[in-house]
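Report on one structure; see the data block that follows.
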Protein chains: 2
Amino acid sequence: MSRLNELRMIARVAQMYHVERQRQADIAKHLRMSQATVSRMLKKAQEEEIVRTTVVAPSGTYAELEAGLRARFGLTEAIVVECSEDRDGAIMARIGEAAAHFLEATLQPEEVIGVSSWSETILRMVENIHPMKSGKAKYVVQTLGGMGNPTVQMHANQLTTRLAKLTGAEANVLSAPGVAQSREAKLVLLGDPFVRETMELFGKITLAIIGIGAVEPSGMLARSGNVFSKRELADVTEAGAVGDMSLRFFDSDGKFVKTPLDERVIGITLEELAKVDRVIALAGGQTKTNAIDGALKTGVIDLLITDKFTAQRLVDTEGQRNAAE
Amino acid sequence: MSRLNELRMIARVAQMYHVERQRQADIAKHLRMSQATVSRMLKKAQEEEIVRTTVVAPSGTYAELEAGLRARFGLTEAIVVECSEDRDGAIMARIGEAAAHFLEATLQPEEVIGVSSWSETILRMVENIHPMKSGKAKYVVQTLGGMGNPTVQMHANQLTTRLAKLTGAEANVLSAPGVAQSREAKLVLLGDPFVRETMELFGKITLAIIGIGAVEPSGMLARSGNVFSKRELADVTEAGAVGDMSLRFFDSDGKFVKTPLDERVIGITLEELAKVDRVIALAGGQTKTNAIDGALKTGVIDLLITDKFTAQRLVDTEGQRNAAE
DNA sequence: GATTTAAGTGAATATTTATTCATAGGTGGA
DNA sequence: TCCACCTATGAATAAATATTCACTTAAATC
C-alpha cells in the first residue's frame with residue numbers, strides 16, 4: 001500500500017513537472033521536500049514508466065531508415081530524403097537539396113572542403129546552396145581532375161569555383177584531366193606547381209563531399225567519356241570492383257581494388273579520403289545501389305545522403321556479414 | 001522543402017536527446033552546432049509535437065479526480081485513494097493510511113501540528129504512522145476538547161499524546177470537554193492555565209489535521225454523545241448547517257454558521273483554522289459528501305484526502321457556483 | 001534600392017537540474 | 001541486543017540546460 005502511495009506521489013510530481021511545467025524547486029516547496037528528492041522522483045517516474053517520451057518522426061522523414069543505415073554501416077549520420085519516384089533525376093534533385101541544407105547548417109568556420117567535382121548530385125547540391133555572407137569555409141579543394149572534353153572539364157572547375165564563392169572560401173581547382181593518358185603523362189602533370197599545390201591540400205581537407213559511381217558498362221562508359229578503354233573497364237570488373245569514389249575502386253565487400261588505372265587517375269585516393277574528418281557521400285538510385293553498398297563497407301564514409309528507395313534497398317539487403325569499421 | 005529538412009534534423013536531435021539520452025553538448029559536437037541551438041531545437045520539437053511526453057497515472061491512483069477537486073475547490077492539493085467498497089470502515093482505513101504516508105513524507109522540522117482529536121479517520125491515520133526517530137515536529141496541539149463520557153475523552157487525549165510521541169513532539173492536550181454545559185461553564189474551564197496554554201498555541205499551528213462531520217440526526221447525535229440537545233441540533237439544521245469541523249458549522253455554500261452552540265464549544269474556531277498554513281482534511285463516505293462539499297467551499301481547507309467514490313461525487317455535483325477562494 | 005523589421009546564431013552567462021557527500025534510520029543476522 | 005550493511009534524505013555542489021546579449025543576415029516595406 002505504501003508503494004502505491006509513493007507512486008501516486010511520483011505521478012503527481014511528474015504531472016506538475018512535465019504537464020504543468022513547474023520547476024523542481026517550486027514543486028519541492030509545494031510538497032515540502034527538497035529539490036533533490038523531486039529530481040529523484042522524476043528519475044523514478046521514468047524508470048517506472050509513469051512518464052513516457054515518444055519522438056514522432058514528421059511525415060516525409062525516415063528516421064527508421066536512417067537509424068538502420070547508421071547501424072548497418074557504422075555511419076556517423078545518415079540522411080534519407082523523401083522522393084516521390086525512384087527515378088535518377090528526381091532523386092538527385094532531392095539529395096542535392098538536402099545536402100545543401102545540411103552543409104549550410106553544419107559548416108564550420110575555417111573548414112577545408114574537398115569536392116569530387118564530377119557528379120550531377122553534387123552539382124544539384126551546389127545549385128541549392130544559398131550564398132553565405134560571412135566567409136565560413138577556408139578553401140574548397142577540387143579532389144579529382146576534369147573529365148572528358150574541355151567543356152565538361154571547364155564545368156567541373158566552375159562547380160568548384162562556385163562552391164567556393166558561395167561558402168566564401170578560396171577555390172583550389174585541379175587544372176588537369178581526371179585521367180592522364182599514361183603513367184608518364186600523369187607524372188608530367190603532377191609537375192605543374194598549381195596542380196601540386198592543390199594536391200598538397202588533400203591532407204588538410206576537413207570535409208569531403210563525394211559522389212559514388214557504379215561500375216557497369218552503361219554507367220562507367222557514359223561517365224568516362226571514353227577515356228578508359230573497354231579493355232581497362234573489363235579489367236576493373238574482373239577484379240571485382242562494384243563502384244568508385246573519385247575513380248578509386250572498391251569491391252562488394254568494401255575492399256579497395258587496385259588497378260593499373262590508379263596510375264593514370266589524378267585525384268584523391270581512398271587512403272587519403274579515409275583520413276578526412278567528415279566524408280559526406282551523396283548518392284541514390286536503383287543502378288547505384290550495389291555501388292553504394294560497397295562504398296559504405298569501405299568505412300571511408302561518415303555520412304550518407306540518399307533517397308528513401310535506395311535506403312530501403314540498402315537496409316533490406318541480406319548479407320549477414322557485419323557492417324563496416 | 002527546407003522546412004522538412006529542418007524538421008528532419010529536429011527529429012534527429014530529439015531522438016538523440018530523449019531516446020539515446022545524449023547530452024546537448026555532445027549532440028551539438030556531433031552535428032557541428034552550438035549547444036544553444038540544440039536547446040532551441042529541442043524546444044521547437046516540443047512545440048511541433050515531435051516529442052510528446054505523457055504522464056500515465058499508475059492504476060489505483062486517481063490523478064484526474066485529484067485535478068478535478070483541486071480545480072473545483074481551489075485546493076492546494078488533493079489525494080484520492082483507491083478503495084474497494086464505498087463503506088465507511090474501509091474508506092477510513094484507506095484514508096488513514098494515505099494520510100499517514102503523506103504526513104511522514106512532508107512533515108517539516110519545527111512544525112506545530114493541530115489535531116482535532118475526535119475523528120475515527122484521524123485515529124486510523126495515527127495508527128499508520130511510523131515512529132519518527134529524529135523528533136521532527138515541535139508541538140502536537142489538541143484543537144478540540146474531549147467528547148462524551150470520560151473514557152472517550154481519555155481516548156482523545158491518548159490520540160494526541162500518541163501522535164506527539166510518534167512525531168517526536170511535545171503534546172499539548174486540551175483537558176476539557178469539547179462542549180461545556182453552558183457559556184459560563186466554558187468561561188470557567190478557560191480559566192484553567194493548562195487549557196489556556198494549549199489554546200494559546202492555536203495561533204502557532206502550522207499544520208492542522210481535521211475531520212469533517214455531517215449534520216444530520218444520526219451522525220451528529222451519535223457523535224455528540226448527547227451533549228447537544230435535540231432542540232439545539234434542530235437550530236443548527238434550521239440555520240442551514242450541513243457539516244462541521246471541530247464542531248464549528250458551515251452551510252452548503254461554505255459560509256460559516258454562527259449558532260449559540262459556539263458559546264459552549266471548547267476548541268479552535270474556523271477563523272483561527274483559516275489562518276493556519278496547511279489545513280489537511282480527512283474525510284470520505286456517502287453520508288459525508290454534502291458536508292465535505294460545504295467544508296471545501298469555506299476555503300479553509302488546503303488539502304483533502306478522500307476516497308475515490310466520494311471524490312467522484314464531489315466532482316460530479318453540479319453547482320455552477322464557482323469554487324472557493 | 002534603401003531602410004526598417006524580424007529571425008537566427010554562438011558565446012557568455014544565468015538558471016535549473018543531477019549528483020556527491022555526509023549523515024541517519026531501517027533491516028536482518030549473529 | 002548489537003553490529004554491519006543498505007537505503008533514503010537534504011545541503012552543497014557539479015553538471016547540464018536555457019536565456020541573454022551582441023551581432024549578422026534575411027525579408028519586408030517604402
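Please read all numbers here as calculations on a predicted model, not as lab measurements. Chain identifiers are assigned alphabetically (A, B, ...) following the order of the sequence lines, protein sequences preceding nucleic acid strands; residue numbering begins at 1 within each chain.
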(request) Kindly say if B:Lys43 contacts the phosphate of D:dT17, meaning a side-chain N or O under 4.0 Å from OP1 or OP2. (result) no
(request) Can you see which heavy atom on A:Ala98 is nearest to which on A:Val81, and at what distance? (result) CB-CG1, 3.3 Å
(request) Identify the two heavy atoms, one from A:Cys83 and one from A:Lys308, that lie closest to each other, and give their separation to 0.1 Å. (result) O-CE, 3.1 Å
I need the [atom1]-[atom2] distance between [X] and [N], as an integer number of Å.
X	N	atom1	atom2	value
A:Met41	C:dT17	CE	P	16 Å
B:Ile27	D:dT17	CD1	C1'	11 Å
A:Glu104	C:dG10	CD	C1'	18 Å
B:Ile129	C:dG25	CD1	C1'	17 Å
B:Glu6	C:dG8	CD	C1'	10 Å
A:Lys44	C:dT19	NZ	P	15 Å
B:Leu42	D:dA18	CG	C1'	11 Å
B:Arg21	C:dT17	CZ	C1'	14 Å

Pairs: protein N or O with nucleotides 9-11 of chain D N or O, under 3.5 Å:
| unit_1 | atom_1 | unit_2 | atom_2 | d |
| --- | --- | --- | --- | --- |
| D:dG10 | OP2 | A:Ser34 | OG | 2.8 |
| D:dG10 | OP2 | A:Thr37 | OG1 | 2.2 |
| D:dG10 | N7 | A:Arg40 | NH1 | 3.4 |
| D:dG10 | O6 | A:Arg40 | NH2 | 2.9 |

(message) Using a distance-only criterion (donor-acceptor N/O pair, under 3.5 Å, no hydrogens), is the base of D:dA18 paired with the side chain of B:Gln24?
(response) no
(message) Between the base of D:dA18 and the side chain of B:Gln35, is there a donor and acceptor pair under 3.5 angstrom?
(response) yes
(message) As a test of reading the structure: which of D:dA18, C:dT16, D:dT17 is closest to the side chain of B:Tyr17, going by heavy atoms?
(response) D:dT17
(message) Within the supplied structure, the quantity of interest is the number of heavy atoms (other residues, nucleotides, ligands) at a distance under 6.0 Å from B:Gln46 CD; does it exceed 12?
(response) yes
(message) Just to verify, which of B:Leu207, B:Ile113, B:Asp302, B:Leu304 counts as forming a side-chain contact (heavy atoms from CB on, under 4.5 Å) with B:Ile280?
(response) B:Leu207
(request) Ignoring hydrogens and angles, tell me if any N or O in the side chain of B:Thr61 forms a donor-acceptor pair with the backbone of B:Ala63 under 3.5 Å. (result) no
(request) Report yes or no: does B:Arg52 contribute a side-chain atom to a donor-acceptor pair with the main-chain N or O of B:Glu49 at less than 3.5 Å? (result) yes
(message) For A:Glu47, is there an ion pair with A:Lys43 - N to carboxylate O distance below 4.0 angstrom?
(response) no
